[in-house]
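Residue indices begin at 1 and follow the sequence shown.
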Amino acid sequence: MSGGFQLTWEEIVCGLIIVLPFAVAAVLLGRVRKKPIRAADLWTPCWRGIHPLFLCIYRGFVFVFMSVWVLRFALADGISSFFFYTQWTFTLVIVYFAIATCISINGCWTYSKESSKIAEESDRFLNSDLESNNNNPSILDNSESKIGKDRKEAGFWGYSMQIIYQISGGAVFLTDIVFWGLLVPFFYSGTSIDLMTDGMHSLNALFLLIDTALNCMNFPWYRMAYFVFWSSAYIVFQWVSHACGLSWWPYPFLELATPWAPMWYLAMALVHIPCYYIYWMIVKAKNNYFPRFFPHSYVKLI
C-alpha cells in the first residue's frame, strides 16, 4: 500500500474487485437450499467392482506422496515458497487427501461390519426351512442392498472434506491454467523450470481427477462460493504481508502500484468462473455418460 496508508485509485478498485465477489458468494450460500451429504458417499467408490479399500489406499498414497513433494519444496526454498498460490492450493489438496484417507479408513471399517452382518443374515436365510424362505423371499436381497446405501448424514469432517474437495477442484485448474497459459509463455519465457515446479503444476490436478473418477461425491455449482473465499483469503494475505513490509510480489499481476492493476485483478477474478465450471462439467459428464458406457459397473450419483 502507499505511504501513510493513503489508498490510490488502483488499490480502491482492486479492493472492490475482491470485496464484491466475496459478498455475492456469502449471500449465495445463505440463500441456496443445500442438499445433505450422505456419509457413505465420501468413501464408497462409484464402481461396483472396486472395494472401498482400494480408494482408501489410493488416497493414502497420494497424501504421503504430495506431502513429501511439498516438504522437499519447503526445505529447498524456505517459508517464502508458501507465499505462492500454487503452494497454498497444493497444500489444500494434501489436506483433502488427509481427511479423505481418514474417512475412507472409517468407511472400510463400517463396510467390513456391514459385510459381516449380511453374511450372517445370508447364512440364516439359507439354513431356514423352505416354507420360511417362500414367505420371506426378499430377506437376502434387502440385506445385500444395505452395503453402500447408508443414509446417515455426514458430520463436520465429512462436510469439511466436501468443501475442500470443491475448492481444490477450481483451484487446481486456476493454478495450472495461469501457470502454463500465462506465466510460462509470457513471464518465464527463456527461463528453465525444474521438475519439482512442473510436477507441482500438473500432479495436483491429475491426482484430484483420478479421485473424482473413483469417488461418489457430488459437485454442486453453488459451492464455487468457497472457491471465491479461498482466493480472496490469499489476496488479503498478500495485501497484509505488503502492508507489514514485504517488498516483492510472488506474481507480477498482483502488483498494485501500476495503472494496469485493476485490469489484471478483474481478469483473475473472472477466470475463476471457467476454472470451476470446467471441473463441474467433468463431474457432470461423468455422472451423465459413464452410466451409458458402463451400465453394469458404474453406480450413478444421486
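Within 6.0 Å of atom CH2 in W260, 12 or fewer heavy atoms from other residues, nucleotides or ligands are found, so the atom counts as exposed in its surroundings. Heavy-atom neighbours of W47 CH2 from other residues, nucleotides or ligands within 6.0 Å: above the threshold of 12. Shown here is F229, whose CZ atom has more than 12 heavy atoms of other residues, nucleotides or ligands within 6.0 Å. Within 6.0 Å of the CZ atom in F82, the count of heavy atoms belonging to other residues, nucleotides or ligands exceeds 12.
To the nearest 0.5 Å, atoms CG (L174) and CD1 (I273) are separated by 12.0 Å. Rounding to the nearest 0.5 Å gives a distance of 11.5 Å between CG of L266 and CG of L16. Between the CD1 atom in I167 and the CH2 atom in W88 there is a gap of 11.5 Å [rounded to 0.5 Å]. The CH2 atom of W264 sits 14.0 Å away from atom CG of L256, with the distance rounded to the nearest 0.5 Å. Distance check, rounded to the nearest 0.5 Å: NE2 of H51 to OG1 of T44 gives 10.5 Å. Going from atom CG of L55 over to atom OG1 of T101 covers 8.5 Å, rounded to the nearest 0.5 Å.
Neither L53 nor I50 shares a network with the other; the hydrophobic side chains, linked directly or stepwise wherever heavy atoms of I, L, V, M, F, W or Y lie under 4.5 Å apart, form separate groups for each. There is a path of hydrophobic side-chain contacts, each under 4.5 Å, that joins I210 to V283. At a threshold of 4.5 Å between side-chain heavy atoms, the hydrophobic network of Ile, Leu, Val, Met, Phe, Trp and Tyr places I103 and W109 in two separate groups. In the hydrophobic clustering of ILVMFWY residues, with side-chain heavy atoms under 4.5 Å counting as a link, M66 and L71 come out apart. Clustering ILVMFWY residues whenever any of their side-chain heavy atoms sit less than 4.5 angstrom apart, transitively, puts I278 in the very cluster that holds M281.
Y276 and P220 make their closest contact through OH-O, 2.8 Å (heavy atoms, listed as atom of the first residue, atom of the second, distance). Taking every heavy atom of both residues into account, P259 and E10 meet most closely at CA-OE2, 3.7 Å. Nearest heavy atoms, T8 versus E11: N-OE1, 3.0 Å. Contact record, P262 with W9: CG-CZ3, 3.8 Å, taken as the closest heavy-atom pair. Counting all heavy atoms, side chain and backbone alike, G170 lies closest to C275 at O-CB, 3.8 Å.
Without hydrogens or angle criteria, Q162 side chain to N218 main chain gives a donor-acceptor distance under 3.5 Å. In this structure, the side chain of K34 engages the main chain of L29 through a donor-acceptor pair within 3.5 Å. Listed for the Y265 side chain is a donor-acceptor partner under 3.5 Å among the backbone atoms of L254.
The aromatic rings of Y165 and Y279 sit perpendicular, their planes meeting at an angle over 60°, well past the 30° parallel limit. Ring geometry, H242 versus W249: the interplanar angle falls under 30°, so the pair is classed parallel (tilted spans 30 to 60°). Ring geometry for F290 against Y298 counts as perpendicular: the plane angle is over 60°, on a 0 to 90° scale with 30° as the lower cut.
Under the 4.5 Å side-chain criterion, counting only non-hydrogen atoms from C-beta, F219 is not in contact with T212. Two residues are said to be in side-chain contact when any heavy atoms from C-beta on lie closer than 4.5 Å; I18 and C14 fail this criterion. Between P250 and W248, some side-chain heavy-atom pair lies under the 4.5 Å cut-off. The shortest side-chain heavy-atom distance between P52 and P45 falls under the 4.5 Å cut-off. No side-chain heavy atom of F90 sits less than 4.5 Å from a side-chain heavy atom of F73. Between L92 and Y96, every side-chain heavy-atom pair lies at or beyond the 4.5 Å cut-off.
Remark: D176 engages no residue in a salt bridge (charged side-chain N to carboxylate O under 4.0 Å, His left out) (not counting sequence neighbours). The salt bridge (charged side-chain N to carboxylate O under 4.0 Å, His left out) search around R223 returns none, not counting sequence neighbours. By the ring pair (Phe, Tyr, Trp, His ring centres under 6.0 Å) test, Y222 pairs with no residue at all, sequence neighbours left out. Under the rule for a side-chain contact (heavy atoms from CB on, under 4.5 Å), P295 has no partner lying at least two apart in sequence or in another chain.
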Side chains of residues 56-63: which donor-acceptor pairs under 3.5 Å do they make with residues two or more places apart or in other chains?
{"residue": "Y58", "atom": "OH", "partner": "F207", "partner atom": "O", "Å": "2.7"}
{"residue": "R59", "atom": "NE", "partner": "D211", "partner atom": "OD1", "Å": "2.9"}
{"residue": "R59", "atom": "NH1", "partner": "L42", "partner atom": "O", "Å": "2.8"}
{"residue": "R59", "atom": "NH1", "partner": "S104", "partner atom": "OG", "Å": "2.8"}
{"residue": "R59", "atom": "NH2", "partner": "L42", "partner atom": "O", "Å": "3.4"}

**OP:** Report the C-alpha separation of M268 and I17 in whole Å, then their side-chain angles, then the decisive distance to 0.1 Å, and conclude whether the side-chain contact (heavy atoms from CB on, under 4.5 Å) test is met.
**Re:** CA-CA 10 Å; M268 288 297 103; I17 292 173; over 6 Å; no

**OP:** Could you walk me through whether C46 and K286 pass the side-chain contact (heavy atoms from CB on, under 4.5 Å) test, one step at a time?
**Re:** CA-CA 10 Å; C46 60; K286 164 195 165 184; 3.8 Å; yes

Original post:
Please walk me through it: do Y159 and I37 pass side-chain contact (heavy atoms from CB on, under 4.5 Å)?
Top reply: CA-CA 7 Å; Y159 275 92; I37 300 173; 3.5 Å; yes

Subject >> Criterion side-chain contact (heavy atoms from CB on, under 4.5 Å) on W69 and L203, from CA distance to verdict >> reply: CA-CA 10 Å; W69 197 284; L203 294 177; 3.9 Å; yes

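A distance below 6.0 Å separates the ring centres of F84 and Y251.
Applying the side-chain hydrogen bond (donor to acceptor under 3.5 Å, both in side chains) test to residues at least two apart or on different chains, the pairs with a partner in residues 226-237 are Y85-S231, S231-H272, Y234-Q238.
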